[in-house]
Amino acid sequence: MVVWLNIAWWGYLAVWGALLIHCLLKRQFFPLAGPHWATKGFWIITFVFLNPLLTLMYLIFGVFFRAEGKHAQHPMAVRVAGWVLVLGIVSVFELPYPDRPGGHITVTKHKTSPDNQGKLHFEAQAGVLEANNGMSTSTVSSAGNHARFCAKRISIRCESSHPLMDRVCRVMQQKIATLPCIESVDYWPLGSQQTTQTSHADVFIVLGTESLKESTFGIHRKVEADISCFVGSQPVPKFSNINYGNSPPTITFTMDNRLQHSGVFKGLESQSSRYKQQSENIAQQFVNTITKQFDTWIEKHGLMPDLPEYLYGNDTQPVEIDYLQQRHATCLHQSHGLFKNVGMIWSYEDERSNREAFTDIRNALTQEGWKGGSALDKDSSHQLESFFMSKDNKHLQIFRKRGRTEHGGILQGDNESLATKLPIMVEYNVLFSNKQHEEALRQLFISETDLETKLLFASLSQDDDIKQLLLESVRSQHVKTMRGYLLIGRYHANQEELAQATDALMLARAMSRTLREHEPCKSEFKSLAKQIGDDSLVTQEIGIDSYQRAGFIDINTVNHGTVFERTVNEPLMFYQCPADLEQDTEIKVKTIVIRISPPSGNESHQVETITKETGQSSLRKGGLSGSIFIPMAFLENTSFQLKAKELDGDRFKLTVVK
């Protein structure tokens, strides 16, 4: 394709040159633009664009249509048609396209917010992109034992003024919105900062360019770009995070991606479709990297379930800090979140060294009643990157905005060449008060919320009455997942109820057969076994009773025509053990788990089949349209299929066919 485009391009240049000479030498023209001199000038201007369609128009009206001839009797109709064609080509392919709407856009599962849909526009493109991409990624994360990965709400912010980056962000927004765990994706173009009180996003994505060079010649457009993409659980990149005693059980993370993109587009495109292929290419690089990391965290930590609204703050009172007003600080972000009434980010310029700038704001805040920042008084040659201050349930982290070195490394400290030019950032958080925190947990523990969700927050309450409410839930409710059984095992171990903790551990190990990873959460199993006081629990054979109580079905009891109903991601679990079980010293159980995954991107629902036995495991994926075959290696003397039929509400009917 590229070879033929190159041949066509050079052939076009030859034709274009010949027609340009023809235009310069020709004396009389069909009067498309009026008299001879006006029409000739008009055609010469169109040659400047190097547009094959305009060249074709010249071939028709400048070469084949003579100044006088068979068309002379009705020149006006032909002239109008010619003008419409030429001006249409110029307006679509050559004139600058109006900027897209500047306000923020929300996408919820492919649905754009009504106020920000923009106007319909015509896109035309014919060509091919040659692209080379080099991606580098560094990731840091921290998580407690109960931590879950939160990614329901995504916020994308563009920090580049180049239209290519705006288009990359918009494509990323649409692609990320298709991921199964995502509920909504907000996009904030350059200049539309999130300064109104909104729900706190779970993941923040910030795109910017370290450098971007573009050159165009005819149908060739070359772009060389060094693009940065920050992904984190906090609104802005920083060197350190702080967890408080009542911080919610979520993982904190930063992910720095840097893409070296070199792309050449060859072909025709309307102005409204400019950068279409390159934005798709660049966006896909970032989406692939982000999706892979999300899958890793989901597999390792699990997703945070849906939580009731009373666990989220919603304080809209204005915040005033005198020092920031004196420095004319700019508010970059404002929101609320889980156990958080207010979250804000300010930025202001200060070209002094970190220690001098930090000491100045620390002293001013101390006079306003804030406490902390004692590290600034220590005599040390090490330059501080950040410091913390607090006042009641209000907390501040002050730090210098992160930059990059010439070689792409993350800039730290007081680098003379760049750091002093970067602004000071002030992160302000108002967490739940103790009373508000305990009241929220009380509502959670007496609610109908599932026990696994309640147990995530078990360690956050210090009130004995509220702990008693949780105990009543433990006695009356059940869990259905591996992580849920681990949570209830830890709970019983903390209460020194070792028999119940042991039972929960064995149920958790049975449910680990439902996950893709060969031995998921092995370290957590060891930790719980150690807490129980019996390390052998990690390697003991799991009893048949544990599989049955966890919800596994004896495959030998499955008959032709048996019907199962499952929702998306709800596992259908079978087990099988040898016929001569009584003679065996070990219970060698094989399991097979079938799960229907939600659609992602252009893919429809997929069927995952996970087969496991001691020391072995396998994973197969396939479409939903055909039969789901139980592997022959699983059944020794027989086999069966499952026919899947989609029902309403993301439910599926699975019928056994033998």
Side-chain angles (χ1 to χ4, degrees), residues 104 155 157 159 188 190-201 204 206 208 230 232-242 244 247 254 313-337 339-377 383-403 411-414 418-433:
H104 109 274
S155 176
R157 190 172 77 249
E159 291 190 340
W188 302 85
L190 184 68
S192 60
Q193 303 295 349
Q194 184 175 338
T195 55
T196 57
Q197 185 75 291
T198 59
S199 179
H200 194 289
F204 297 87
V206 183
F230 163 79
S233 52
Q234 299 296 325
V236 295
K238 53 185 179 179
F239 297 108
S240 61
N241 294 301
I242 185 170
Y244 307 97
S247 293
T254 59
N314 190 16
D315 191 346
T316 59
Q317 294 181 358
V319 178
E320 295 183 359
I321 298 178
D322 291 341
Y323 183 86
L324 297 179
Q325 292 180 344
Q326 295 168 11
R327 302 289 305 196
H328 304 290
T330 301
C331 179
L332 302 179
H333 174 88
Q334 181 175 354
S335 64
H336 58 268
F339 290 166
K340 181 188 296 185
N341 290 318
V342 178
M344 300 182 71
I345 301 286
W346 284 285
S347 170
Y348 67 89
E349 301 295 329
D350 195 327
E351 296 196 358
R352 294 175 291 181
S353 67
N354 280 4
R355 184 171 293 276
E356 187 177 0
F358 290 170
T359 301
D360 188 32
I361 185 175
R362 189 275 309 268
N363 293 341
L365 291 172
T366 299
Q367 295 179 6
E368 295 182 29
W370 292 84
K371 298 179 181 179
S374 59
L376 290 168
D377 298 326
Q383 291 292 341
L384 289 176
E385 297 168 352
S386 66
F387 71 98
F388 302 89
M389 301 192 78
S390 62
K391 182 168 62 173
D392 300 325
N393 62 326
K394 303 178 181 67
H395 302 273
L396 289 173
Q397 182 179 8
I398 294 93
F399 55 96
R400 179 81 67 176
K401 183 179 179 180
R402 287 197 330 185
L411 189 65
Q412 303 188 32
D414 278 341
L418 184 58
T420 54
K421 299 177 184 178
L422 296 173
I424 300 289
M425 313 294 288
V426 179
E427 182 178 17
Y428 171 87
N429 291 311
V430 181
L431 306 182
F432 276 18
S433 65

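Taken from CD in Q326 to CD1 in I321, the straight-line distance is 11.5 Å, to the nearest 0.5 Å. To the nearest 0.5 angstrom, N393 atom CG is 6.5 Å from H395 atom NE2. In this structure, N354 CG and E385 CD are separated by 8.5 Å, a value rounded to the nearest 0.5 Å. Rounding to the nearest 0.5 Å gives a distance of 12.5 Å between CZ of R400 and OG of S386. Between the CZ atom in F399 and the CZ atom in F388 there is a gap of 9.5 Å [rounded to 0.5 Å]. Between M389 atom CE and S374 atom OG the span is 9.5 Å, to the nearest 0.5 Å.
In this structure, N341 and H336 have side chains that are not in contact, with every pair of non-hydrogen atoms separated by 4.5 Å or more. Contact annotation: the side chain of D350 never approaches that of I361 to less than 4.5 Å [non-hydrogen atoms, C-beta and beyond]. Two residues are said to be in side-chain contact when any heavy atoms from C-beta on lie closer than 4.5 Å; I424 and R352 fail this criterion. Put simply, the side chain of M425 reaches to within 4.5 Å of the side chain of L332, judged on heavy atoms.
Put simply, the side chain of R355 gets close to the backbone of L376: a donor and an acceptor are under 3.5 Å apart. At least one donor-acceptor pair closer than 3.5 Å links the side chain of R362 to the backbone N or O of G373.
With sequence neighbours excluded, the residues that form a side-chain hydrogen bond (donor to acceptor under 3.5 Å, both in side chains) with N429 are K340. The side-chain hydrogen bond (donor to acceptor under 3.5 Å, both in side chains) check on N363 picks up nothing, with sequence neighbours excluded. Checked against side-chain hydrogen bond (donor to acceptor under 3.5 Å, both in side chains), Y323 has the following partners two or more places apart in sequence or in another chain: D360. Partners of F339 under the ring-ring contact (aromatic ring centres under 6.0 Å, His included) rule, at least two apart in sequence or in another chain, are F432, H437, F457. Taking the salt bridge (Lys or Arg N to Asp or Glu O under 4.0 Å) definition, one finds that E368 meets it with nothing, sequence neighbours left out. Partners of E159 under the side-chain hydrogen bond (donor to acceptor under 3.5 Å, both in side chains) rule, at least two apart in sequence or in another chain, are R157.
Looking at every heavy atom in both residues, P235 comes nearest to E427 through CD-OE2, 4.3 Å.
Partner H333 forms a ring pair (Phe, Tyr, Trp, His ring centres under 6.0 Å) with one of F204, Y428, W346, W188 and no other, that one being F204.
Within a 6.0 Å radius of NZ in K391, other residues, nucleotides and ligands contribute more than 12 heavy atoms.
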